[in-house]
Each structure stands twice: as structure tokens, then as C-alpha cells.
Protein chains: 2
Amino acid sequence: MTKGPQFQPVQPVRAYQRIVEQVEDALARGDLAPGQRLPSERELVAQFAVSRSTVREALRVLESNGVVRSRPGDPNGPEILPFSQAALRKQMVRLARVDELTLAELIGFRMIMDGAAIQVTSRLRTSEQLADIEETLVAMRAAIDVDFAAFSEADLAFHDVIAQVSRNSLIQTCNEVVRGVVLSLISDKIAHAPNSRALMLESLQHHAEVVEAIRAGDGHAAARIARQNMYDYYAGYVPEPERETLRALIED
Amino acid sequence: MTKGPQFQPVQPVRAYQRIVEQVEDALARGDLAPGQRLPSERELVAQFAVSRSTVREALRVLESNGVVRSRPGDPNGPEILPFSQAALRKQMVRLARVDELTLAELIGFRMIMDGAAIQVTSRLRTSEQLADIEETLVAMRAAIDVDFAAFSEADLAFHDVIAQVSRNSLIQTCNEVVRGVVLSLISDKIAHAPNSRALMLESLQHHAEVVEAIRAGDGHAAARIARQNMYDYYAGYVPEPERETLRALIED
DNA sequence: CCTAGTCCACTGGTCGGACCAGTCACAGCT
DNA sequence: AGCTGTGACTGGTCCGACCAGTGGACTAGG
């Protein structure tokens, strides 16, 4: 066999992909900005020198990626959308929902993210924000008497406030998405648990401890308590061999 | 103004969207599994009772989302792909690259993720894995004499091993993506810095400290050092008001 | 002058038919 | 049996057509 250059496998590039690339490149370069409009489909046909089917396939891909939005009859053409977290959320939900990720990975991720957000919060929070946090605690207490769904919603509000105070929307988005997925995986088990009310009360107690640490400004303790609580709350649903990785996140 | 029920804005549902939904639902229900094949486009035309254009637009969306892959001439029809992290990565890159996220948020995210991964690693690593980690350290040392790109690549290998040992692919993916984005934002500034070599040496020294803590099994110290290092390395590129949120991540 | 209503050019959504290059299974040949 | 050529398919692209909607221009009424 002759020694030659290393060739790479080649896959055909479809026309609509080139269009998608061009649009995305223009967007990355700043030649196209959110709020601006793309030319109409028939105009794009002329500019790209392809058929309308091809242009439309490209637009469908861009639309599915949350880059543009087409509305029938709009004489201004497809609209370039502001970058939203919705697209990331969509993909994350898809990824996380399937067996590609284990429950342990999801919960571990939450322990990290939530702990970090709480740590930052206890450092940066103003007294006003502290009041906001304590307010959600009161709401959680009230929600216990309603049902588990209400409690879960109040819990979400708590973590929302935390994430906002920590001033990192990336953490916020990731946290929210993963939290939703985890809950969708095991919420029925929790809700139907005979001691559902006891669990909620315990969770509330844990949250109160976290808030106490936040008030004291002890970020380290707050984060540790938060992680410990999440472990106590969810670890029962994680099979033992993987539970070890979660314990490694608590320590000292 | 009459008090009435809260109406929601309504947007037309396009035919291709219904097809996408049906396929994704079938996939979520398990009626469709990775590795299986979809009927050919012309067969789908008959089953969905729409035109081929519509079927193709649906397939393009599914393909862009990493759900299926079409190859011309394949008599078996479009292939259902295994769920990959590629899709998530794509979206994350898009989200992170644009101004929606600040550099501080990205770096803060990395400090958290990387610190957590290192903490878990120092707890769970086998002696064999420790050797792997130390190996990447040697590679980093050698890469310093080449150029910044080589060093950066060796650094990536280091974090890769860490993420693998921590057994959480979600952390791994997020870490990798954000790292890439951060580097693409500031790598030129670092590479062209007059003291580029000094920076690399310092970074290597920091990594060595982290590895030392990992060897000692002190996860807390390892994570703290890692976060501190990343702060030292990147904080100069973050404007002051936001730098505070990063400092809040180090503490004690 | 300004407003309210009408109208129409144009938009995107969908359709059906056509052609091409590529792929793969199979029948036929060696 | 092993190889080869063929042909029935595949997806990629193009074209032309029709429809229901949109929104701006234009007009009639104040």
C-alpha cells in the first residue's frame, strides 16, 4: 500500500446548508442584527441563485434554531430574532430527557449549580434581595397546605430569586432546565409518597437553614447546606454506584 | 373595558411542524428508536398526506436538530440518530457566542463547573487515573516550548481527563463548550501578550498545584485552587463591577 | 386637515410534477 | 462461487402554480 496524504471522508454539502451558513456568518459578523429583516423568499431565490424550495429549507432550519421567524403575509420579510435562551433550553430538555444522561448526572449538576448560585448570593445580596428571598420562603410554607404541585412551584420561585441575585443568566437557565427535567422524571414518585407532606416540611426546613446562612453571609456554609439538602432529597432515587459521585460533591 | 378571560396570542401551526411533532412524539414514546429508519420521503408523503416539499421541510428541521440524517440514494430511508451532545453543544455555542452572555458569566460558569469536577475527581480518582492526569501535565510542559495554541490544546486535554473522571458528561459538555467560547473571545489577547510564555508557565504551575491537591485527596483545596487560578488567569479581561461576582466564587 | 375604510400587491404556506446524481440489491455472466 | 453490470429506487434541486393572509397605499368621509 502506497504511503500518501491522510484523506478525510467527505460528505456532500447541500445547497440549503450553504445558505444557513451564510446567514449565520453574517449574523456572527454583525452584518445582520436582531430586529432586522431578511429579504423575502423570492428575493433570496434571486440572491442565492437557488430555487425557492432550497431557500425555504434553509429558512426552516434557521427558524427551528430560533434565528429567524417567518410570518405569512408580512411584506417586511422574515425577522431576525434576538438570541434567546429558549433554543438552548429546547436542546437541553431534549438531551436530558433521554437516557443519554443519568439521573445522577442531572442531580449532580443541580447540586453544583445551585450551590454555587447560593454561595454567590450570600456574598452579593442586598438587604432588599434578602427580603425577597425570605418572602418566597413564606410562600413555600403556605403552599404546603395546598398540594405538591403548588409547593413545587413555590420552590421554583425560590431558586429563581437565588439565580437572579447571583447575576449569572447562564447558571439560571441551566438550573431551571435541569430542575424541570429532574422533576418530570421523579415528581410522581414524590407526590404519591405516603409521607409527601413530611417531605415538604423537611424541604422547607432545609431551605430555611440555607436562608439563615445567606443572612449570615456565610457563603460556604450556605452552599454546603444546599448541596446536602438536595442530596437528602433526591439521592434515594439514584442507584448506589452512582450515588458515590454525589457524595463527593458534599464533603467537609 | 370588559373583564374577560386571559386570551393567548395564537400563531398558525404549519403542516411541517405537525410532522416534526409526530416524529418526536413517536421517539419520546419509544415507537421509534435510534438506529431505526424512517420511510422514504415519497412514502411519508402518502402517510402524512402532504406534499413532498412539506415532508422535506420537516426532515430538514429534524436533521438540524440532530434527530435524523438523510443520505441521498439510501434505499433504507432517513436514519434515526442516537441522541448526541452535539445538538446541545451547537445551541450552547450559539447562545454563548453572542452578547447575550457577558464574559463574566461565562468565566463564572467555568469556575464553578471546573471546580466541581476537580472536587469530585480528587475524591473518586483511581491511582491509574491520577497517572493519566499527571501525564497531561507533562504534555503541557512540553507544549509551552511550541506555541500558545499547542499549550491551549494540552490544557484542554487536562480538563478533558478531569471531566471524564468526574463521571458527569453534562458537566463535561458544558465545560468544554464554555471553555471554547471564552478562549475564542480572548485567546488573541493572551497569545499576543508580551509575557505570553510567563503566563503559560504560571498556568502550568497552578495546574501542578491542583494535581498535588488531587493526589492528596483534598477535594476542597483542589477546587479552591482551581477556581483561584482561573480567576487569576481570566479576571483581567472582566470589567470591575462584574469581577465582584467572580470573587464571590472563591472565598475562604 | 385628519380619520376610517377599502383595496391590492405581495407575503409565506402548500402543492404537484419533473429531472438529476447517487446508492444498493439483485440478476446474470464469467 | 465470485464478480459485474443493471435498474429500481433514494434524496437534492428546480419550476410553476394556487391560496389565505398581511399591511401599506389609496380613497371616501368626517
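Throughout, a chain's letter reflects where its sequence line sits, starting with A, and its residues are numbered from 1.
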Quick one: which protein N/O atoms are closer than 3.5 Å to N/O atoms of nucleotides 17-20 of chain C? Pair and distance per line, please.
residue	atom	partner	partner atom	Å
C/dA18	N6	B/R52	NH2	3.3

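- One interatomic measurement links the two molecules: CD of A/E57 to P of D/dC15, which rounds to 14 Å at whole-angstrom precision.
- When the side-chain nitrogen and oxygen atoms of B/T54 are compared with OP1 and OP2 of C/dG13, none of them lie within a distance under 4.0 Å.
- In summary, B/E57 and B/R52 do not engage in a salt bridge, as defined by a charged side-chain N under 4.0 Å from a carboxylate O.
- Distance A/E41 CD to D/dG16 P: 17 Å, rounded to the nearest Å.
- Summarising the geometry, the separation between CZ on A/R14 and C1' on D/dC14 is reported as 17 Å, rounded to the nearest angstrom.
- Put simply, A/R60 has a side-chain N or O that comes within less than 4.0 Å of OP1 or OP2 on C/dG13.
- A straight line from CG of A/L38 to C1' of C/dT11 spans 14 Å, rounded to a whole angstrom.
- Looking at residues two or more places apart in sequence or on another chain, you find no side-chain hydrogen bond (donor to acceptor under 3.5 Å, both in side chains) involving B/R18.
- Nearest to the side chain of A/S40, among C/dT14, C/dT11, D/dG12, sits C/dT11.
- In terms of the side chain to side chain contact (heavy atoms under 4.5 Å, CB included) criterion, residue partners of B/D25 (sequence neighbours excluded) are, by chain and number, B/R29.
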Extract from the structure each pairing of a protein N or O with an N or O of nucleotides 21-25 of chain C at less than 3.5 Å, listing the distance.
none

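- Rounded to an integer number of Å, the gap from A/L44 CG to C/dT11 P is 10 Å.
- Using modelled atom types, one finds no donor on one side chain facing an acceptor on the other under 3.5 Å when comparing B/D155 with B/S203.
- No more than 12 heavy atoms of other residues, nucleotides or ligands sit less than 6.0 Å from atom CD of B/E128.
- One finds no salt bridge joining B/D132 and B/R125 here, because no Lys/Arg side-chain nitrogen approaches an Asp/Glu carboxylate oxygen to under 4.0 Å.
- The separation between B/L59 atom CG and D/dG11 atom C1' is 10 Å, rounded to whole Å.
- Comparing B/S70 and A/S51 by the nucleotide of DNA chain D that holds the closest heavy atom to each, the one mapping nearer the 5' end is B/S70.
- We find that CZ of A/F48 is positioned 16 Å from C1' of D/dT13, with the value rounded to whole Å.
- Every side chain to side chain contact (heavy atoms under 4.5 Å, CB included) that B/Q164 has, sequence neighbours left out, goes to B/Q172.
- Residues A/L246 and A/A104 approach most closely at CD2-O, 3.5 Å, considering heavy atoms.
- Remark: A/E79 engages A/R69 in a side-chain hydrogen bond (donor to acceptor under 3.5 Å, both in side chains) (not counting sequence neighbours).
- OP1 or OP2 of D/dG12 lies within a sub-4.0 Å distance of a side-chain N or O belonging to B/R56.
- One atom, CZ of B/R69, and another, P of D/dG12, lie 12 Å apart when rounded to the nearest Å.
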